[in-house]
Amino acid sequence: MRPFEYRRAEDVAGAVAAVADHPDAVYLAGGTNLVDHMKLGVATPSLVVDIGHLPLDQIVELPDGTVRIGATVRNSDLAAHLMIRQRYPVLAQALLAGASGQLRNLATTAGNLLQRTRCVYFQDVSMPCNKRDLGSGCAAREGYARYHAILGGSAGCIAVHPSDMAVAMAALDASVVVMGSTGERSIRLVDLHRLPGDTPDRDTVLTHGELITAVDLPQLSFSQHSAYRKVRDRASYAFALISVAAALDVSDRRDAAGGPTIRDVRIAFGGVAHKPWRATAAENFLRGATASVEKFREAADVELAQAETLRDNAFKVTMVRNTVASLLADLTRRQVGDIGGDLAAKEQNP
Ligand SMILES: Cc1cc2nc3c(=O)[nH]c(=O)nc-3n(C[C@H](O)[C@H](O)[C@H](O)COP(=O)(O)OP(=O)(O)OC[C@H]3O[C@@H](n4cnc5c(N)ncnc54)[C@H](O)[C@@H]3O)c2cc1C
Ligand code: SF4
């Protein structure tokens, strides 16, 4: 590991000034991602500014009903918080689907958002990787790409963002509060992470020195009807092959065919792109439609129309489609009861 200077930040302004003044300084939160990268030689900062003790570890409700989550709130504490479990179950479930208990005890809200891709070539400094070393090439395109992107990739990079928590936050329309040397700004979470394009070395729109101080969750009238489903190679301690976060508002009013109607919906996909993928085309397709497995599958297909697959990751298209259908069918049942053997049968035998 390259030698580095360690500083413990005393306040937000001091932390921002310390990092902004050094071109290769970084923030250290829980360290569960950064320290691994320093050991592997993927990250080589000369200055590490520890923000773990800043007073950013509270979860509070603002007067307008927004829930503000401090940047250093630990993943375990966020998942266990009663207001989060009751109001935003999708978020609690996404957090608990990630990593392990020990890691969640250390990992922070902001660190989770800014964790870097798990592409094996990114973590291996002997391999070409445009994200680590822009212009060196992309070993994954002709290599092991089972976990890689099917949406929004580029010739230069097909990595995916690995966070579970961020997918739930994207579905919930969260915003990120950021402090920089010129002041504070708020960024919609869906705009925080970038698609790779020609500059896959940049994961986010943050500029050097900007510190995430909080994540805001706006009120959503049906957020209690939300859930997260993660599909992975083993039942725990594995990153997502794909995941789906959704919130659904279904009316008991039946259409001509006897099915309930969708009033509103939020959907985001994980494990498919360089960023948490908000499925707005699928949402638009479903608003006002009948809640049925056919419609849920069609909605996924609308979103996946632009999918570009490789030999090893083409299975993700079917996996996303089936997961969207089964998750939305569950959310429908929980709100309006069993909506008929027809739906259940079709879900079992697509
Ligand atoms: C074995 C293993 C399995 C895992 N499995 C999963 C999984 O299944 N799902 C999942 O979602 N995650 C998983 N993770 C990743 C884990 O969630 C992240 O490592 C963790 O959330 C990172 O948080 P941290 O506080 O430790 O960040 P750190 O490692 O401290 O920092 C990560 C990055 O964020 C930057 N940063 C941190 N805080 C701020 C801030 N406030 N403002 C600006 N920049 C900041 C740091 O500079 C660094 O670049 C796994 C990790 C491991 C090691
Ligand atoms: S997919 Fe991206 S992160 Fe992986 S090797 Fe290619 S450029 Fe690097």
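Along the sequence shown, residues carry numbers from 1. Below, each value reflects all heavy atoms present in this structure, side chains not excepted, and no hydrogens, waters or symmetry copies.
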query = Do NZ/NE/NH1/NH2 and the carboxylate oxygens of Arg266 and Asp264 come within less than 4.0 Å?
reply = yes

ask   = Taking NZ, NE, NH1 and NH2 as the nitrogens, is one of them in Asp312 or Arg146 under 4.0 Å from a carboxylate oxygen of the other?
value = no

message = Strictly below 4.0 Å, N to O, side chains only: are Asp24 and Arg2 in salt-bridge contact?
response = yes

ask   = Are side-chain heavy atoms of Ser136 and Asn130 found at a separation under 4.5 Å?
value = yes

ask   = Is the shortest side-chain N to carboxylate O distance from Arg188 to Asp173 below 4.0 Å?
value = yes

request  = Kindly say whether Phe222 contributes a backbone atom to a donor-acceptor pair with the side chain of Asp249 at under 3.5 angstrom?
outcome  = no

key: Side-chain heavy-atom pair Ile59, Val67 within 4.5 angstrom cut-off   = yes

query = Counting distance only, does the side-chain N/O of Thr117 pair as donor-acceptor with the main-chain N or O of Cys119 below 3.5 Å?
reply = yes

task = Check the side chains of Thr280 and Glu283 for a donor-acceptor pair under 3.5 angstrom, ignoring hydrogens and angles.
result = no

ask   = Looking only at atom types and distance, does a side-chain atom of Ser226 sit under 3.5 Å from a main-chain N or O of Tyr88, one as donor and one as acceptor?
value = no

message = Is the shortest side-chain heavy-atom distance between Thr213 and Val12 below 4.5 Å?
response = yes

key: Salt-bridge criterion met for Asp203 and Lys131 (N-O under 4.0 Å)   = yes

ask   = Are Tyr144 and Ile158 connected in a single hydrophobic cluster, I mean Ile/Leu/Val/Met/Phe/Trp/Tyr linked by side-chain heavy atoms less than 4.5 Å apart?
value = no

message = Between Leu328 and Val293, is there a side-chain heavy-atom distance shorter than 4.5 Å?
response = no

message = What I want to find out is whether Arg333 reaches Asp330 closely enough, with some N-O distance under 4.0 Å, to be called a salt bridge.
response = yes

message = Main chain of Met319, side chain of Thr323: is a donor-acceptor contact present, judged purely on distance under 3.5 Å?
response = yes

side-chain hydrogen bond (donor to acceptor under 3.5 Å, both in side chains) partner of Arg87, chosen from Gln224, His81, Gln219, Glu61 = Glu61

key: Carboxylate-amine/guanidinium contact Arg7 Glu5, below 4.0 Å   = yes

inquiry  = Would you say the ring centers of His148 and Tyr121 fall short of 6.0 Å from each other?
reply    = no

inquiry  = For Asp198, I'd like to know if atom CG has over 12 heavy atoms of other residues, nucleotides or ligands within 6.0 Å.
reply    = no

Asn105 and Gln102: side chain donor to acceptor below 3.5 Å = no

ask   = Among Thr109, Leu113, Leu114, which residue meets the side chain to side chain contact (heavy atoms under 4.5 Å, CB included) test with Val176?
value = Leu113

task = Could you tell me whether a side-chain N or O of Lys316 sits under 3.5 Å from a main-chain N or O of Gly271, the two making a donor and an acceptor?
result = yes

ask   = Any luck finding a side-chain donor-acceptor pair between Ser243 and Arg229 under 3.5 Å?
value = no

query = Around atom CZ of Arg8, are there more than 12 heavy atoms of other residues, nucleotides or ligands at under 6.0 Å?
reply = no

Pairwise side-chain contact, Leu206 with Ile187, heavy-atom cut-off 4.5 Å (strictly under) = yes

remark   = Interatomic distance, CG@Asp216 vs CG@Asp64, rounded to 0.5 Å, equals 8.5 Å

query = Does Gln335 reach the main-chain N or O of Val250 with its side chain, forming a donor-acceptor pair under 3.5 Å?
reply = yes

